[in-house]
Amino acid sequence: MSSSAAVILMAYGSPDRIEDVPAYYADIRGGRPVRPELLDDLAERYRRLGIEDGNPLNEITERTRAALQAELGLPVFTGMKHWTPRIADAVETALAGGAETLVGLVLAPHYSRLSIGGYRAQLQEALADRAEMLFVESWHDEPGLVEVWAERLRGTDAHVVFTAHSLPARVLDEGDPYRDQLLETSQLVAGAAGVADWSFSFQSESPTGEPWLGPDILDHLDALHARGVDHVLVAPIGFVADHLEIRWDLDTEAREQAGELGIDLRRVEMPNDDPGFVAVLAGLVRRAFAVPSTA
Ligand code: FEC
């Protein structure tokens, strides 16, 4: 790794204050109209999670960035997909500091054109060939990541449900590897943890008026209940940190539904800035430097 290298650590981003929610939601919608009732509902979810006292995702991302920088001994800059500092801001800061090679790493392990592909497009556009770009395309089968999840599941006798963010179902017609990669991670983690009783479901689908990938966790809980399952341990392998989709969609909504069904639902801790997880990120960056650029 040369001394003129830097890492752009990319995360989804999250509003810092309740007043930021309209601009944040508009950014996620990318210019398409926002229905006022959905905006109100989103602001209410953030309010109930206590965003006014601090935002978990942005704070965790900053701690992860600092730990990765210390581990690598290289400058690491955070770039958010939907909030500030933007991916473009991180690129400018890195270039101003003299970086000649940038490694892009997304804090989401599974490739979709709508997920990692979008981060990559923002990075490439911001960089505009002003430095060499290396990019970690996906890391869903990274042995260290598999172990981070497996150690959280070993010894459980609950039915394990792996979850990930849903996407519009049309991505499958476009040959998107997202769902296959999620199922592969689930299989690898279950195998490493010695868990035989598991299933997979999506979560957090948005009401955009088109079909999304399923089953959704809430329907899936109904199906598990019908099968007589009464202990569920959720492992949200499609994410790496605590945020709205974990704390609201799983810890609030799914837990409420499970309670009504008489299911004891628990969730494993997210990797966040766990040192073992930061070591996995560092390994991905080191390996990216060893592989010729594809940008
Ligand atoms: O804590 C926070 O404030 C941010 C939590 C958050 C994460 C996250 C991750 C992913 N999303 C993915 C795809 C979509 C698609 C749409 C969409 C919409 C939202 C909305 C919020 C939101 N997402 Fe998100 N996502 C997070 C938050 N997401 C808020 C808008 C309101 C709502 O629907 O609840 C639909 C866009 C549209 O309307 O057209 C698609 C994917 C991930 C996981 C990969 C990654 O982290 O990049 C995929 C965290």
Side-chain angles (χ1 to χ4, degrees), residues 9-18 20-52 54-62 64 78-84 87 104-123 136-140 162-172 174 176-179 181-182 185 202-213 216-217 236-253 270-272:
L9 184 67
M10 288 173 279
Y12 201 83
S14 183
D16 293 307
R17 295 158 307 158
I18 206 81
D20 299 331
V21 174
Y24 173 70
Y25 198 3
D27 193 275
I28 291 178
R29 293 289 294 161
R32 283 162 303 130
V34 170
R35 297 213 320 258
E37 67 277 18
L38 295 183
L39 176 58
D40 291 348
D41 176 66
L42 182 61
E44 186 54 23
R45 277 182 273 155
Y46 279 112
R47 192 172 290 113
R48 286 177 62 182
L49 286 182
I51 191 188
E52 271 127 348
N55 180 305
L57 183 56
N58 293 348
E59 286 161 16
I60 292 162
T61 305
E62 172 50 23
T64 308
T78 301
M80 310 281 199
K81 192 180 198 185
H82 294 298
W83 201 239
T84 56
I87 291 170
L105 173 61
V106 181
L107 285 171
H110 303 88
Y111 185 88
S112 164
R113 182 180 63 78
L114 296 180
S115 169
I116 292 185
Y119 291 88
R120 183 186 179 124
Q122 282 195 29
L123 180 62
V136 180
E137 278 294 326
S138 70
W139 42 291
H140 68 286
F162 296 104
T163 66
H165 203 293
S166 184
L167 283 177
R170 65 184 144 82
V171 299
L172 294 188
E174 298 164 1
D176 203 280
Y178 185 65
R179 187 171 67 179
Q181 291 193 355
L182 289 164
T185 307
F202 286 100
Q203 60 166 90
S204 314
E205 118 177 15
S206 290
T208 57
E210 60 180 330
W212 282 55
L213 296 172
D216 182 80
I217 178 84
I237 47 112
F239 306 99
V240 300
D242 280 308
H243 47 61
L244 185 74
E245 317 297 69
I246 301 295
R247 294 200 179 172
W248 185 263
D249 298 359
L250 294 178
D251 295 356
T252 309
E253 268 187 355
M270 299 306 289
N272 289 331

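All ligand and atom numbering here is 1-based and tracks the order in the structure.
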So which bit of Leu42 gets within less than 4.0 Å of ligand 1, heavy atoms only: side chain, backbone, both or neither? side chain
Measure the distance from atom 21 (C) of ligand 1 to every protein heavy atom, then report the residue, atom name and distance (to 0.1 Å) of the closest one. Ile28 CD1, 3.5 Å
Regarding atom 47 (O) of ligand 1: of the candidates Tyr119, Phe239, Trp212, which has the closest heavy atom? Tyr119
What residue and heavy atom of the protein are closest to atom 39 (O) of ligand 1, and at what distance? Arg32 NH2, 2.7 Å
For atom 37 (C) of ligand 1, the closest protein heavy atom turns out to be Arg29 NH1, 3.2 Å
I'd like to check which ligand 1 atoms, numbered from 1 as shown, lie under 4.0 Å from a non-hydrogen atom of Tyr25. 30 (C), 31 (C)
Is there any N or O on Tyr12 that sits under 3.5 Å from an N or O of ligand 1? yes
How close does the nearest protein non-hydrogen atom get to atom 44 (C) of ligand 1, and which residue and atom is it? Ser115 OG, 3.5 Å
What part of Ser14, side chain, backbone, both or neither, has a heavy atom within less than 4.0 angstrom of ligand 1? both
Got a sec: is Ser204 within less than 2.8 Å of atom 24 (Fe) of ligand 1 via an N/O/S atom? no
Among all protein heavy atoms, pick the one closest to atom 14 (C) of ligand 1 and tell me residue, atom and distance. His165 CE1, 3.4 Å
Counting N and O atoms only, with roles assigned by atom type, does the side chain of Ser166 sit under 3.5 Å from a partner on the main chain of Leu213, one being a donor and the other an acceptor? yes
Heavy-atom nearest neighbour in the protein, as seen from atom 32 (C) of ligand 1, with distance rounded to 0.1 Å: Ser206 OG, 3.6 Å
